[in-house]
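The next block holds one structure in the form of structure tokens; read it before the comments.
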Amino acid sequence: MSSYSQLVSTLSQNKEFTMFQPLPQVEVDEIPDEITKEMPKTGPFAVLANTIPHAAAIFTKMKNTLLGTNIEKMNSQPLEYNPIMAKFEVQEEVCNAGPGQIWRVHDALRKEDAMECSVFMFDKRVVDKLYRPKRKQLMLDCLKNCVHELQELAHPKMLEILHPLEESTYTVAFATERIYASLHNILAWHESCPIDPEGPFPVIPNPNHLGPPTVEPMPTSSTTRPPFAREYHFLDIEIRHGFHQISEALQYMHLTMRKMHRNVCPSNILVTRRGVWKLFGLEFAEPIPSDDPLNFLSVPQWSYKVARICQPHLDYMAPETQMRGHGSTLADMYSLGMILAAIFNQGRPLINTNFNPILYVKQMEQLDRNVAALVSRAPDCLHEALPRLLDRDPQNRPTTQLMPLITYFKCANEPPVQALEALDVAIHKSASARCEYYVDQLPSSLAYIPKKLRWLNVWPVLQAEFKMSDMIPSVLKPTFWLVNECTPEEFADVIYPTIRKVIYSPRAIPITVVLLENLHILTKKCTQEVALNDLIPMLFNSLDCNLYQIQIAALIALQNVSDVIPDDIMYESVVVKVKNLLDKNTGDVKIINLVLGVFEKILPRLDSTSILNYVVPTILNMRLGNPDVINRIVRLYKAIITEEKFGLTCDVMATELIPKLAPQSVNPNLNVDQFNNLIEILYDMLENIERYQRHRLKTEGASAPGSNRRKIRQMSTENVPAPPFNIPNLRVEQRKTSSAENMVRRSSAATVSQPASVSGSVNALRRLGQWIFGSNNSTNNDGNFLRVTSILPSRRLSDNTLMTPKIRIAPSCASSPGGTPGGTAGLPSRRHSSIGPQERRLSTANLSPPTHARHPRGRGSGSSLSVPSTSRVGGGSMPNTSSSVPFLATASCRRPSGQESQGGSQRGSQGSGILSHMTIHGKPNNYGVHHLD
């Protein structure tokens, strides 16, 4: 080995001399096609490449290993040394924006509160390659001033700055609200999409080059998408609402800031994650010196001598700005019209110069024709908007104030736009104002917002509010509206992760109450596993809580979600927890009603053990007194008794249920229906006990004689006192005994001492009188009168018989149907309640023949119930016999029919309700009954 070789070998072993280290071994299995194409074909390098195997591949890998590693690392992490990294967690790059797309937009999270945002980054090395030092600093100052101005304005229609500029050696960065993409990225995606052969072809500006004129090119679609092209499909309401937002931002610039934007283009319109359009890019804004914003001012034209990123976008510049070097605020309206045309032209503007001012002039000559071609293919709504905005004469363009008058932009009064605008305004208000908006206005407005915008625009706002515990109760109301309208997949992927954090975090009482009240909505959208693992445990914990509001909400939720709870959990946990909860609130009517509602809901699913051990003891522990509670308990007992599987024993009925319910039968607060239900269930229990006890006694051999007792249930309906019966215009006067009654009394008193013949004559006379006057009892003298003879033997027989009072028809009866003054011939046929349903008598049946004697008004004649007659000549009077009285007062003179004839002797002694009412007001002497109306 030579001395040189030994020296190299010695130095290579020393690590301090890296230049003498051997080159890394490069293993090349196959030479890429790109390297093969780049290999020289002739010259000394071709000879070297042909001599050394795989020389090109070896040299390429050595270059990438030794030189390219640090550069790639620096390009992949440009924000590594920016101070903004200390406050934000910067993620991947999603889009670009600004003049020449120089701002690279990254998704980010604020470390302070994990708020989703975006970080804009500008690499200074781009300026180093393009500008001299003076122009470099001028461009940097322009970018910084734009960010500072946006931060000071804080206008809701312009980009919101969350963190100011941070500058490092190589980068400038600031943080904003979360950005989805710029309008340039979205239009680039649409431009690269394949053209639908059946749809309208986009308008291509012509000429598109500076060569000789050719045939108009056909539109083609690009095979590859541009970098950071974002897919997004606009709804019509989104486009109109977006232009409405940009118009408001420009109006603020023109009238308040007194500036014209000069660079309104897709790169400076940003679409936030919520779908809101925000204006950006104030680098080239020009102040308006005059008071009139429509006055022209000198502006620089687009030039080759200045870099593209230092000038406004040529394709969207107004013709007066580029051709004559002056412009006004109407130039911004032209740029807005060109953006509208690009949206409806599949992302292609009507001027496409490739930053060539000469092509701009040529294509501007064809602008009117291109606008007419696009309008013919576009929707009818653009027939007015596009020609006016893209008019080459600035005086014909609408201002920002007149733009809402165009038909296409008349959206300010539409419910969807109003709802979205109200949401944009509300998020900038105070916490209390936002709470009021979320509870009162937003739920009613969500129905007008399209479903896409609910998830894109509304839900991110609500999701951000969940991070503040004070806002959660108010935000949950519109959130549950969204849950109710979404699909199970949308709920699982979008909403439930946020709600799950609320469930497993410490909650205030209002949050728990709202969750429990809407628990049934969650169970409908989630899976069975999620319900059993997350929702049902929250419900059980609430049942064990000692807070009254949570207990009420938990019982309501239990009724709503009982179908989701499995039977084994129902037997082991639910009834136990409900019983324990009632033990804490035995006298609370609201708790009792809710517990009864739970039992009514789950009763068909329970077994006999749960009924006897938990349900019945829980009901017995309730404090009764409220009529509604008693009625619900009665219905529950009836369901338990009816179902044989529950096995409710007679011992429980006799010793526990009846003693608990029986005292409530005299509860004065019960109405008729509630009382009947209570008596009904008591009868059912007694009948069950009777059947069981009789069967047991017969089985044991004891003799159980049959009972001839009357059913209590039947008697209960007959013992109900009749309501008072009052005859209008009726006056009952003092009655006197008649000669006929005296004769009957004397004959009956002498019956014992008279012979049989005389007694027979008296009986015959009595039967004759019964036949004439309609008596219904011919067998026993006691059956014709009130049965009081045996009780009061010293009472006269005439006192036990009511004489028929004389009744005179009141003057008002003259107008009755069929009535004729002075006579009874025209009286209608009326049926009294004491007559059978098939028997009708004339009204004159109980009237005595008319007499010519005129009695004073209001005074009777003899022993009568008198009503003055309407005639002065003659008037009717009632007969002074006692047989007509039953037609008015008693039931003793009814003709027996069916069952009534069998029990007539028993019921006849009791009398009717009318007679009882009249007897109460009578006197135990020789006078009749006084009853004044």
Side-chain angles (χ1 to χ4, degrees), residues 235 237 273-275 415-420 422-423 426-427 434-469 471-505 507-539 542 549-550 552-565 594 597-598 601:
L235 300 177
I237 189 64
R273 186 186 175 187
R274 295 178 44 237
V417 176
Q418 288 181 338
L420 295 174
L423 180 62
I427 59 179
R434 295 202 308 273
C435 289
E436 183 178 355
Y437 169 76
Y438 294 144
V439 174
D440 299 334
Q441 300 183 25
L442 183 57
S444 59
S445 302
L446 287 173
Y448 299 105
I449 301 177
K451 185 175 182 179
K452 173 188 175 183
L453 298 184
R454 294 176 197 165
W455 299 119
L456 189 67
N457 198 317
V458 180
W459 173 243
V461 175
L462 300 179
Q463 190 177 21
E465 298 286 9
F466 274 99
K467 298 178 182 179
M468 294 175 285
S469 59
M471 301 294 298
I472 293 178
S474 303
V475 175
L476 281 175
K477 185 173 181 180
T479 299
F480 280 112
W481 194 97
L482 293 175
V483 172
N484 200 30
E485 297 294 327
C486 71
T487 63
E489 293 76 14
E490 292 171 341
F491 172 75
D493 298 337
V494 181
I495 297 182
Y496 185 67
T498 302
I499 295 182
R500 191 173 187 273
K501 295 179 182 179
V502 178
I503 293 175
Y504 283 99
S505 61
R507 302 183 303 270
I509 296 177
I511 299 175
T512 305
V513 170
V514 176
L515 286 175
L516 292 174
E517 290 176 348
N518 298 274
L519 195 62
H520 60 286
I521 300 178
L522 298 179
T523 55
K524 291 179 182 178
K525 301 297 180 179
C526 68
T527 61
Q528 182 74 10
E529 181 181 0
V530 171
L532 294 179
N533 294 337
D534 297 338
L535 304 182
I536 301 302
M538 180 187 68
L539 174 60
S542 301
Q549 293 179 341
I550 296 180
I552 295 292
L555 290 174
I556 296 174
L558 184 58
Q559 297 183 43
N560 296 332
V561 303
S562 59
D563 298 336
V564 183
I565 303 175
L594 291 175
V598 171
K601 185 80 173 182

For this session: Apply the test salt bridge (charged side-chain N to carboxylate O under 4.0 Å, His left out) to residues E490 and K451: give CA-CA distance (whole Å), side-chain angles for both, the deciding distance (0.1 Å), then the verdict.
Result: CA-CA 11 Å; E490 292 171 341; K451 185 175 182 179; 3.4 Å; yes
Exercise. Do R434 and S474 come close enough that some side-chain heavy atom pair is under 4.5 Å?
Worked result: no
Problem set entry | Side chains of M538 and L519 in contact at under 4.5 Å (non-hydrogen atoms) | yes
For this session: Please test Q559 against L594 for side chain to side chain contact (heavy atoms under 4.5 Å, CB included), starting from the C-alpha separation and ending with a verdict.
Result: CA-CA 8 Å; Q559 297 183 43; L594 291 175; 3.7 Å; yes
Exercise. Just checking, is any N or O donor in the side chain of E465 or Y438 under 3.5 Å from an acceptor N or O on the other one?
Worked result: yes
For this session: Could you check if a side-chain atom of I503 sits within less than 4.5 angstrom of a side-chain atom of L535, using non-hydrogen atoms only?
Result: yes
For this session: State, yes or no, whether a side-chain contact exists between Y496 and D534 at a heavy-atom distance under 4.5 Å.
Result: yes
For this session: Side-chain contact test, heavy atoms from C-beta onward, threshold under 4.5 Å: evaluate it for K525 versus E489 and give yes or no.
Result: no
For this session: Dump the intermediate steps for side chain to side chain contact (heavy atoms under 4.5 Å, CB included) on Y448 and L420, then the final yes or no.
Result: CA-CA 10 Å; Y448 299 105; L420 295 174; over 6 Å; no
For this session: Please examine the side chains of L442 and W481, heavy atoms only from C-beta on, and report whether any two atoms are closer than 4.5 Å.
Result: no
For this session: Kindly indicate whether the side chain of L515, heavy atoms from C-beta on, has any atom under 4.5 Å from the side chain of R507.
Result: yes
For this session: List in chain and number order the residues that pass side chain to side chain contact (heavy atoms under 4.5 Å, CB included) with K477, two or more places apart in sequence or in another chain; answer none if no residue qualifies.
Result: V439, P443
